[in-house]
Amino acid sequence: MGKCIRIIRTYRKTSLFFGLLLLAGIVNVLMRFETPIINGTLFCVNAAIISFLIVFWIDSVRERLLPTRARLYIVLAGLVMLGYHLMRIFRYRVSKNDLPVYRFTAYLYFIPRVLIPALLLSTALYLRFEDTKIGRRGVRIVLAVASAFSLFVITNDLHLLVYRPVGDFSDFTMEGGHYKWGFGFFMVFGVMLLMLIISFYLFFRSTKKKKRRPVVLSLIGSIVLWLFVTLFQAFVVDRFKLPKMFNIPEIDIYSFILVFECCIRSRLIPYNEKYDAFFKKMKTPVMITDPDLHVLNVSATPINTPEETLISSRKAPVYLDEDTRLNSTKIRAGYVFWTEDEHELHEEQKRLDAANSLLSEENDLIAVENKLKEQKARLDAQNQVYARIASAIFQKQKRIEELLMNTTPGDSAFAKELGKVCVLNAYCKRKTNLLLLSEESLPKSNRELFLALSETARFLKCCGVEAAAIGEEYSELPLPDIHALYDTFETVIETYFPVAKTMTFSLKPDGIRIAMEAEGTPELPETQLPVKCEESDGILFFTIRRKEGGVAE
């Protein structure tokens with residue numbers, strides 16, 4: 001007895017539900033008085049209790065279940081159950097004296113009888129496939145089939161395929177002995193049974209293997225109980241006119257409530273119940289309040305903070321101390337508050353900052369090292385260029401030094417020797433400029449070679465030689481060919497300017513042309529490029545051509 005009392009206390013709402021359901025059954029049994037007032041009062045009490053229990057269950061589903069489509073289907077099923085109950089009241093208390101309406105309300109019974117299994121199957125489809133395309137399409141098909149079969153039964157007067165009257169149609173009252181079942185009746189019940197079977201299969205597939213057996217047994221037990229009570233009511237209670245606690249619609253309604261509850265209590269459908277015990281064992285600091293910040297649930301580790309801090313945390317997270325952050329979020333029934341310990345995060349951040357500082361220093365050192373390497377590479381490149389320049393003009397500089405050392409100002413040959421120095425110095429200058437150029441910095445069409453020829457011609461006048469650079473100024477010769485042509489040109493000029501009187505220089509697409517009037521023809525030393533010499537009317541013509549394929553650097 002004490003154990004039963006403890007169970008009742010633990011399941012107060014469930015115990016109250018079954019207690020009121022039992023009271024409704026007792027009231028239904030007592031409705032045998034001949035006094036209409038007493039019978040009417042008892043009927044109202046019975047109808048009120050049944051309606052209240054259905055509404056109570058719908059509200060409990062709305063409160064307990066998470067806002068998913070499964071909750072929507074179950075709430076709709078509850079509303080259909082309520083409509084089923086109201087149909088029975090209308091049928092036996094309002095329309096009993098109107099034969100067509102009385103018969104039509106019997107047809108209307110099939111709407112909830114088909115829709116409730118359809119909504120059960122819709123719930124199973126959601127649990128199995130969730131919000132996928134297959135699940136949504138399956139629900140639409142199931143509801144369409146249920147609506148079609150409901151319409152098929154409602155229009156029975158047109159085709160008489162579900163119920164066939166025995167005798168005259170005007171006496172067709174849908175009471176026992178006034179009709180026979182047609183094939184449509186068995187087809188409709190076959191569809192209902194098929195929906196239940198598919199629902200149980202989907203529930204079976206949606207349940208984890210370890211929990212399948214108790215879930216399936218509870219569901220099958222609910223359906224077996226429904227079938228047993230329905231058959232017992234039809235073939236025993238109604239046949240022998242025994243007092244009955246519940247009518248067929250009420251049996252249908254509470255049997256399917258039991259099926260839905262089996263799905264909810266087995267957590268096939270997530271629900272918000274028994275969280276008090278869950279919170280008492282949870283070590284994470286969490287607290288649930290109502291909209292007025294009154295505490296409803298709190299975990300084993302409470303959040304001790306004033307109400308002003310809770311109000312502030314609703315807008316943005318608040319730090320209770322250096323390492324504890326208070327967060328909150330709005331839920332339908334109030335707010336959830338929880339704290340996060342960020343000590344390890346802050347320690348990691350400090351280590352990361354130290355690593356970043358060290359890395360920054362290393363990056364600075366690497367940057368300085370790279371800059372020094374870049375400067376050294378630039379200096380090395382400059383030194384290489386300077387070395388090439390020094391190597392290229394060393395002989396000319398040495399000769400200039402010898403000429404200056406062997407010449408005394410005031411001598412008759414001083415001016416001529418100084419002219420030679422100028423010519424050699426012009427070559428050193430222009431050769432240096434050419435060596436400072438690169439193939440990339442040299443324009444495709446350039447005047448570098450012509451400028452070198454012009455400067456040589458200008459300083460030859462210091463030696464008493466009339467010289468000029470004439471003709472086309474621009475050429476498209478590559479830099480190696482320019483060096484080779486200019487070196488060969490300089491060798492010819494140094495050889496002939498002691499005997500030359502006049503000179504003209506001109507650029508050709510493939511080389512240099514020199515026209516010279518000279519007092520003799522000294523022998524040319526070996527040159528980098530071949531020099532072709534021709535004489536015509538006392539004028540020497542020198543042609544210096546670039547090598548075929550160019551000159552290697």
Asks: Once you round to the nearest 0.5 Å, how far does CD1 of I26 lie from CG of N46?
Replies: 11.5 Å
Asks: Using 0.5 Å steps for rounding, measure from the CH2 atom of W338 to the CE atom of M287.
Replies: 12.0 Å
Asks: If every non-hydrogen atom of S150 is compared with every non-hydrogen atom of V114, which pair is closest and at what distance?
Replies: OG-CB, 3.9 Å
Asks: So, S255 side chain and D252 main chain: donor-acceptor pair closer than 3.5 Å or not?
Replies: no
Asks: Would you confirm whether N28, through its side chain, and A24, through its main-chain N or O, come within 3.5 Å as a donor-acceptor pair?
Replies: no
Asks: Where does the angle between the aromatic ring planes of W57 and F260 fall among parallel (under 30°), tilted (30 to 60°) and perpendicular (over 60°)?
Replies: tilted
Asks: Does the pair R62/D59 count as a salt bridge with the N-to-O cut at 4.0 Å?
Replies: yes
Asks: State which residues pass side chain to side chain contact (heavy atoms under 4.5 Å, CB included) with S51; sequence neighbours excluded, sorted by chain then number.
Replies: L82, H85
Asks: Supply the atom-to-atom distance L115 CG to M192 CE, rounded to the nearest 0.5 angstrom.
Replies: 10.5 Å
Asks: With a 4.5 Å cut-off on side-chain heavy atoms, are V298 and I303 touching?
Replies: no
Asks: Hey, could you give me the CD/CD distance between E369 and E362, rounded to the nearest 0.5 Å?
Replies: 11.5 Å
Asks: Is the closest side-chain heavy-atom distance between Y107 and V162 below 4.5 Å?
Replies: no
Asks: Closest heavy-atom contact between S222 and V259?
Replies: CB-CG2, 3.7 Å
Asks: So R88 and Y109, side chain to side chain donor-acceptor pair (under 3.5 Å) or not? Walk me through it.
Replies: CA-CA 8 Å; R88 180 186 175 277; Y109 275 15; 5.1 Å; no
Asks: Which residue pairs pass the salt bridge (charged side-chain N to carboxylate O under 4.0 Å, His left out) test with at least one member in residues 187-196, sequence neighbours excluded?
Replies: none
Asks: Taking the side chain as every heavy atom from C-beta outward, state whether R136 and R69 have any pair of such atoms under 4.5 Å apart.
Replies: yes
Asks: Please work out which of the three classes, parallel, tilted or perpendicular, describes the rings of F337 and Y335, given edges at 30° and 60°.
Replies: tilted
Asks: Working to the nearest 0.5 angstrom, can you tell me the gap between L108 CG and F104 CZ?
Replies: 4.5 Å
Asks: Answer yes or no: is there an ion pair linking R351 with E348, defined by an N-O contact shorter than 4.0 Å?
Replies: yes
Asks: Over 60° means perpendicular and under 30° means parallel, so classify the ring planes of Y254 and F246, tilted if in between.
Replies: tilted
Asks: Would you say S299's side chain and V286's backbone share a donor-acceptor pair under 3.5 angstrom?
Replies: yes
Asks: Please report the interatomic distance CD1(I58) to CG(L53), rounded to the nearest 0.5 Å.
Replies: 11.0 Å
